[in-house]
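Everything below concerns the one structure shown next.
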Amino acid sequence: MADRSNGIRMDRWATRFGLVMAMAGNAVGLGNFLRFPGKAAPYGGAFLVPYLISFVLLGIPLMWMEWTIGRHGGRYGHGSTPGMFHRLWKHPVSKYLGIFGVLLPFIIALYYIYIESWALGYAWKTATGSYWGQTSRTQMSEVFTTYLGIGEGVLSFSPAAYMFFLITFAANIFVFSRGIEKGIEVLSKYAMPALVLLGIVLAARVLTLQGSGEQTVSRGLAQIWVIDWSMLKNPAMWMDATGQIFLTLSVGLGMLHTYASILRDEDDLTLNGLAACATNEFVEVILGGTIIIPAAAVFFGVGEFGEIIHKGSFADMGFQTLPVIFQEMWGGRFFGTIWFILLFLAGLTSSVAMFTPMLLFLRDELNLDHNRLVLWITAVAFILCQPVILFFHHGVLDELDDWAGTFFLVVFAAIEVVVFIWIYGLDKGWVEMHLGADLRIPKPFCHVMRFLTPLFLLALLAWFTVISPLANMHNEDALANTFYGKLFMMKIAEADVPYHWLGRAIILGVAAFLVWGVWQAWRTHPKFFDDSKNGKAE
């Protein structure tokens, strides 16, 4: 693993293909197949306009910055963002700002793995035909809530769902414990090609479905690709498109930094990064946009199809709508099983990376034993997963996602952009970015990174935290979806408020531990923060 005798970590990517597949696998997840069509369909093809603009002006620049920050920090033996930020900005607060890059993926993993386990459970249910005969979305909704054990009691629990959670959790820990080269890279080299192949098979099957009247594949494709230019005036669409880019590329999470920390100076990051982004976009836009919506267009009438589009939740589309379609489709049990295996692989290639920043933070900065850390992280994560599962219907998962998976993701991205561009300096960063580069980034992108990317992020934060709450003070429903509404738990049932506080307590508890960890590391292990080039303390 890591050799700290000279302050330099010795992990390495074994192959360039493994690096690109791991980076792409980190980005490709459940959102590519469930969230993207749900967000895009209500707006039609117009959604792709702000989506692609955000991809070029925000997603790609952020990806290149995070790879650069990661490799720069890894040169000094840092595999996580507290140490990386310390190298960018010699200010006492910098390493504490870097905590977000360890906190967010760890918190997201606590609920992401549970959702991922649903796909594995439904792969089994589909292969065995256990829900066959439940041929309406209402009936499949009941199947879904029964599977999760959601009732009128305090706990949401079912033995079947819990068993598949245990299997999924064990699979994640097994891969994560083997490290990046022997675990994550090996998984990604096989899982990502398999995922793409399964996606192509499913997309091809959907495109060959026979419809009639208005219930055709072409009608579903039109819902994704035909542009109504008047929709570009809708600010909500621009926000949804920007948010999707954040989530689909996994920027602002800290995992890209960790993967990039074991790149060498002679390793290319510009072309490899672009290849990983392109792979993710192919999976999301081409495959993700060609499965759920076109299939729904064939099998449901005009009214129900419209309801599916505008409801657009991942659970409704992926676990209630498609199981109905599979029962009506020739070869449905086979293709349905492929669908849920596809979702599981997409989730697994993302989730295995989520505990890694925590592992490397504790191992590199506190010099703790790798094997003991794996056991410790496994135990703590397993305990913290239980509230997510047992109180699922009370909103613990939603609270974790609102803060760790949404708001703080943008906050951390804004912080790292300001630190990298305006404090460390983009001129130095531009040189670092092009070490070993096979692709010279066009110079106009330098100006995009220097001005448009940080201003875009700061404007997004200002809109959510200040402008939108002030503009919606007299609209309670709209206010509830702003920072103000989330902070004060507007529209949360009184009985569920304690469980939302439990979600916040989990976030604050892990954050407090990380604050202590940073303080302890910098207090007790100053030799780890010497300049490895000349042996002098910085």
Side-chain angles (χ1 to χ4, degrees), residues 23 27 49-75 81 84-91 93-95 97-98 100-101 238-239 241-254 256-257 260-261 263 265 267-278 281 408-467:
M23 288 290 195
V49 176
Y51 176 88
L52 293 175
I53 290 174
S54 298
F55 176 66
V56 172
L57 299 184
L58 191 63
I60 293 177
L62 274 170
M63 177 275 301
W64 276 327
M65 288 183 213
E66 293 193 354
W67 280 48
T68 304
I69 292 170
R71 182 171 66 179
H72 178 73
R75 187 180 298 127
T81 48
M84 293 172 184
F85 276 33
H86 169 81
R87 294 295 172 181
L88 294 176
W89 183 22
K90 298 305 186 299
H91 189 284
V93 75
S94 62
K95 50 188 173 289
L97 293 175
F100 283 109
W238 288 81
M239 293 300 300
T242 302
Q244 182 63 24
I245 287 297
F246 264 100
L247 293 174
T248 192
L249 295 180
S250 293
V251 292
L253 282 174
L256 290 181
H257 304 80
S261 70
L263 288 171
D265 286 353
D267 291 333
D268 165 79
L269 61 78
T270 56
L271 185 58
N272 285 342
L274 204 57
C277 284
E281 292 308 300
F408 287 129
L409 184 150
V410 181
V411 170
F412 182 54
I415 290 172
E416 70 175 344
V417 165
V418 169
V419 170
F420 181 75
I421 293 175
W422 293 345
I423 297 177
Y424 177 70
L426 183 57
D427 292 337
K428 288 191 292 183
W430 192 259
V431 173
E432 173 75 36
M433 199 176 295
H434 286 88
L435 291 177
D438 293 330
L439 170 71
R440 296 295 302 181
I441 303 172
K443 198 62 178 179
F445 257 96
C446 184
H447 304 300
V448 169
M449 292 181 184
R450 192 185 306 275
F451 301 111
L452 292 183
T453 302
L455 293 176
F456 194 116
L457 285 167
L458 294 173
L460 190 65
L461 276 176
W463 179 88
F464 185 69
T465 58
V466 179
I467 298 172

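What you see is a predicted model; the values in this text were computed from it and never measured. FYI, the numbering just counts along the sequence from 1.
- Between Phe246 atom CZ and Leu409 atom CG the span is 6.0 Å, to the nearest 0.5 Å.
- Here the CE-CH2 distance, from Met433 to Trp67, works out to 12.0 Å after rounding to the nearest 0.5 Å.
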What verdict does the side chain to side chain contact (heavy atoms under 4.5 Å, CB included) test give for Arg71 and Leu435, after you've listed the backbone C-alpha separation in whole Å, the side-chain angles of each residue and the deciding distance to 0.1 Å? CA-CA 10 Å; Arg71 182 171 66 179; Leu435 291 177; 3.3 Å; yes
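- What you find for Trp238 and Pro50 is that their closest heavy atoms are CE3-CB, 3.3 Å.
- Interatomic distance, Lys95 NZ to Lys90 NZ, rounded to the nearest 0.5 Å: 10.5 Å.
- The aromatic rings of Tyr424 and Phe420 sit parallel to each other, their planes meeting at less than 30°, with 60° as the upper class boundary.
- Closest heavy-atom contact between Met84 and Ser261: CE-CB, 3.7 Å.
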Between side-chain atoms of residues 444-466 and protein atoms elsewhere (two or more places apart, or another chain), which donor-acceptor pairs fall under 3.5 Å?
| from | atom 1 | to | atom 2 | distance (Å) |
| --- | --- | --- | --- | --- |
| Arg450 | NH2 | Asp427 | OD1 | 3.2 |
| Thr453 | OG1 | Leu57 | O | 2.9 |
| Thr453 | OG1 | Val448 | O | 3.3 |
| Thr465 | OG1 | Leu461 | O | 2.6 |

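- With rounding to the nearest 0.5 Å, the separation of CG in Leu256 from CE in Met23 is 5.5 Å.
- Between the Trp64 side chain and the Thr270 main chain, a donor and an acceptor come within less than 3.5 Å of each other.
- Checking side-chain atoms of His86 against main-chain N and O of Gly73 turns up no donor-acceptor pair under 3.5 Å.
- We find the CG-CE distance between Leu62 and Met65 to be 5.5 Å, quoted to the nearest 0.5 Å.
- A donor-acceptor pair is defined here as one N or O able to donate and one able to accept, closer than 3.5 Å; no such pair exists between the side chain of Asp438 and the backbone of Leu271.
- Closest of all the heavy-atom pairs between Phe55 and Ile245 is CB-CD1, 3.7 Å.
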